[in-house]
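Written below as C-alpha cells is the structure these notes are about.
Given the structure is predicted, the values throughout are model-derived calculations rather than measurements.
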Amino acid sequence: MTQTIEPVALADTAQARVDAWLGRFEAALAARDVEAAAALFAADSYWRDLVSFTWNLKTVEGRDGVADLLTRCLDGTDPSGFRTTEPPAEADGVTEAWIEFETATGRAKGHLRLTEDGAWTLLTSLRELKGFEEPLGERRPTGVHHGPFAGRRSWAEERALEQAQLGYERQPYVVVIGGGQGGIALGARLRQLGVPALVLERNDRPGDSWRRRYKSLCLHDPVWYDHLPYLPFPDNWPVFAPKDKIADWLEMYTRVMDVPYWTRSEVTAASWDEAAGQWHVTVDRQGEQVVLTPRQLVFATGMSGKPNVPSFPGMDVFGGEQHHSSQHPGPDAYAGKRAVVVGSNNSAHDICAALWEHGADVTMVQRSSTHVVKSDSLMELGLGDLYSERAVRSGITTEKADLIFASLPYRIMPEFQIPIYEKIRERDADFYTRLEKAGFDHDWGDDGSGLFLKYLRRGSGYYIDVGASELVADGKIKLAHGQVDHLTRTSVVLADGTELEADVVVYATGYGSMNGWVADLCGQEMADKVGKCWGLGSGTTKDPGPWEGEQRNMWKPTQQEGLWFHGGNLHQSRHYSLYLALQLKARYEGLPTPVYGLQDVHHLS
C-alpha cells in the first residue's frame, strides 16, 4: 500500500528547500513508496544515472520513467544518507545542489536541480565500491616491506615477474584492445582497482597512435578539458598540446601508472565461449601467437572506429599518391604539388592548411555542409565556465566540471547550447560572412545547437578553426563542391563534371562505427548483435532515431555478454573510464550487477 508522506511547507532558503526534498525522497525510498518518490519529480523531468542505481548509463524521463527505474532497481540499490556537500545555489527559479549518498554496494555523488514543480534534473553517479576502494590517501600502499626477508625481490623484479607471467601463467580478467588514450586511461583505473587487466597495442610504443598522425596535428581542445585520471598535466602544459607532446605524455603515463601493456601486439581474432563464460583472444605478439582467455573484452579502438576509405572508380588508374587522412604523413613532400583533399571537417582543414604552408596548390572538396567555430570563441563562450583558468580560479575542479557537464541530460542539452552558438554567431558575424562569400557551405547543426551536439550525435561535421578557415575565406585554400564521381590518371572528377588536376589525393572521409572492429575480429554476426556505436538517436543528420538518451553502446553493457566499448575524446576517456572500471570491478568481485534498461539494437552500423 502506498504510504502518504505529509507535504512539507515551502522552505524559504535554497538549503532548506533542498534538505526538504532530499528528506522526502529518502523517506519515500526507505518506505519503498515508488509513487511518492516519483511525485517529487516535475512532470517534465530527467534522471540520469551513471551505474549507481542501474548498473548502466541510463536516463529516464518524467514521473513514469522515474517510477519504472525505482520499481526495478530500488530493492537492490537500497540507497540512503542523501545529503548536500556544499551550500546550494539558486538562479532564475532553479535551485542547484551537489549531493552524496550511499547504496548497498557503493558510495555515490550527484547533482540536483529543483524548480517549484519538483526535481527537474537529477544526476546520480557511482564513485566507489564499498570494501574495494582505490588505495588513495590514507589507504595508499607503503611501497616497501620493512624488515629482513629471505629471497626478497625488489619492486623492479616484482614488476618484471608480473609482466612475464601476465597472459601466460596468469590470465587477465579484462583485455583491452587498443592502447591509445582510452585504453591507457581504463588500464590505469583497473590497475588502481586491483583488476587483472592487459592493454594490447599494435604499435611499437604507447603514444604511437598520435606520433604517426600528420605532423601539424595539435589538440583542438584546451588542456583543462584533457587531463587523464590521477595525473593531471602540469601547470605549464600548453593550452593546445602538439600531438608528439601528447604521445610522450601517454608513454610516460603508461609507465608511471604501471598500466599492464603489450606493444607490437595485434589481435587477429576473438570469440566468445558461452559455456565457459570467457573469450578466446588470439594475439600476434611480435610474431608469437598467444591466446588470452579473459572474462571481459573491451574495444578501446577509438570513438571514430575504422577509417572510411572510399572506393571511387578510377582509383586504380590514378597516377599520383592517394591515402586516407589517418595515413597522411604531413606536408613536406608536397611542395609545389597539386593536392586535392576530399572532405571539409577537422582533419581536412588541418591537412589543407599544412599543405598550403608548405607550398602546395590545395583544393578542398566539400561534399556537405560543415559547422565551423573559431577556437577563441569556443574556448571563451563554450568551455570557459567549466574548463579554463577562469573556471579553476572559481573553484571548478576537473571532477566538478565533468559532473556539471554530465548533469545535463542529452535531451535538454540543446536548450543550453543553442544560446551559446547564437552568441558566437553574433560575435563572429564578419568571419562567417567572409567564409560564406568564399563559397563555404556552413551550418549550425540541425537545430542550431552547434559543435558539442554534432559531436555527440554523429562525431563529425565540424571544424574548430585554428587558422585554416582564414585561408579558405581568402581563397588560398580553393573550394570545390559535390561528390566525387571518379578519378582519372591525373585528376579527380566531381559529379557535376568539375575536373580537379591532382598529384596527391587525401581522403579526409572520416571513420565508421566502432563495431566495424568487432566485425573484423569477432564476425559480422556479433557486430550486428551489438549494433551501432555512438549517437543518441536524435533523428538529426547521421543520427537516426529512435531516441536512446545515451551514447549507443559506450561505457556500458551491450547485448553481447562480456563485450564493452570505450572511446571518445580525452575528456570522455577520463570521465567515463571510472564508470566502466567500476562495472568491471564489480563483476570481477562477484557483486550482483543487475542491468536496468539494456540498450536495444536499432541500427547495425
Side-chain angles (χ1 to χ4, degrees), residues 162-163 166-168 170-210 228-230 250-251 253-255 257-272 278-285 290-306 514-518 520-522 526 530 533 553-558 560-570 572-588:
E162 177 189 8
Q163 290 174 330
L166 187 60
Y168 297 93
R170 295 188 304 107
Q171 284 295 313
Y173 180 75
V174 179
V175 162
V176 181
I177 302 176
Q181 70 252 19
I184 289 171
L186 180 60
R189 298 274 196 194
L190 293 171
R191 179 75 175 182
Q192 293 305 304
L193 285 168
V195 178
L198 181 58
V199 180
L200 305 178
E201 171 59 44
R202 62 185 177 182
N203 287 315
D204 294 338
R205 297 162 57 194
D208 275 354
S209 56
W210 286 88
L228 292 179
Y230 310 111
L250 291 174
E251 186 170 29
Y253 182 96
T254 303
R255 292 176 179 172
M257 296 305 299
D258 289 337
V259 177
Y261 196 98
W262 283 3
T263 56
R264 287 178 282 174
S265 298
E266 184 168 3
V267 176
T268 58
S271 60
W272 173 249
Q278 65 184 23
W279 292 90
H280 294 273
V281 181
T282 304
V283 184
D284 181 343
R285 189 187 187 196
V290 181
V291 178
L292 304 173
T293 56
R295 298 284 180 174
Q296 311 290 337
L297 183 63
V298 181
F299 279 78
T301 48
M303 178 274 290
S304 298
K306 295 181 64 178
M514 286 178 70
N515 74 347
W517 293 110
V518 178
D520 284 354
L521 298 178
C522 310
M526 186 173 290
V530 297
C533 297
N553 277 326
M554 302 304 299
W555 318 294
K556 60 183 179 180
T558 68
Q560 172 58 53
E561 182 182 353
L563 179 62
W564 310 78
F565 294 93
H566 177 53
N569 56 31
L570 281 159
Q572 291 167 310
S573 293
R574 171 187 68 246
H575 181 61
Y576 289 103
S577 61
L578 170 63
Y579 307 115
L580 177 49
L582 288 172
Q583 293 173 83
L584 294 169
K585 173 66 172 179
R587 286 163 173 78
Y588 175 67

[X] side chain to [Y] backbone, donor-acceptor under 3.5 Å:
| X | Y | answer |
| --- | --- | --- |
| S265 | L200 | no |
| Q171 | T293 | yes |
| D258 | R191 | no |
| Y253 | P229 | yes |

Query raised in the report: Is the count of non-hydrogen atoms from other residues, nucleotides or ligands lying under 6.0 Å from R285 atom CZ greater than 12?
Result: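 Enclosed.
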Report task. Please indicate whether R255 has more than 12 foreign heavy atoms, meaning atoms of other residues, nucleotides or ligands, lying under 6.0 Å from its CZ. Result ->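 Counting neighbours around CZ of R255, 12 or fewer heavy atoms of other residues, nucleotides or ligands fall under 6.0 Å, so no.
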Query raised in the report: CG/L186 to CG/L578 distance, rounded to the nearest 0.5 angstrom?
Result: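 If I round to the nearest 0.5 Å, the distance is 10.5 Å.
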Report task. Look up atom CD in Q296 and atom CG in L563, then write down how far apart they are to the nearest 0.5 Å. Result ->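 If I round to the nearest 0.5 Å, the distance is 9.5 Å.
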Report task. Please name all residues satisfying salt bridge (Lys or Arg N to Asp or Glu O under 4.0 Å) with E561, sequence neighbours left out, ordered by chain then number. Result ->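 With sequence neighbours excluded, E561 shows a salt bridge (Lys or Arg N to Asp or Glu O under 4.0 Å) to no residue whatsoever.
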Report task. Run through Q278, R295, K585 and flag the one making a side-chain contact (heavy atoms from CB on, under 4.5 Å) with Y173. Result ->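 Result for side-chain contact (heavy atoms from CB on, under 4.5 Å) with Y173: R295.
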Requested in this report: Is it possible for you to check whether R189 lies under 6.0 Å from the centre of the six-membered ring of Y230, through NZ or CZ, and within 45° of that ring's axis?
Outcome: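 Satisfied, under 6.0 Å and within 45°.
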**Report entry** Shortest non-hydrogen contact from I184 toward T254
**Finding:**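 So the minimum-distance heavy-atom pair works out to CD1-OG1, 3.4 Å.
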**Report entry** Any side-chain donor near an acceptor of the partner, Q572 and W555, under 3.5 Å
**Finding:**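 Their side chains do not contain a donor-acceptor pair, so the 3.5 Å distance test is not met.
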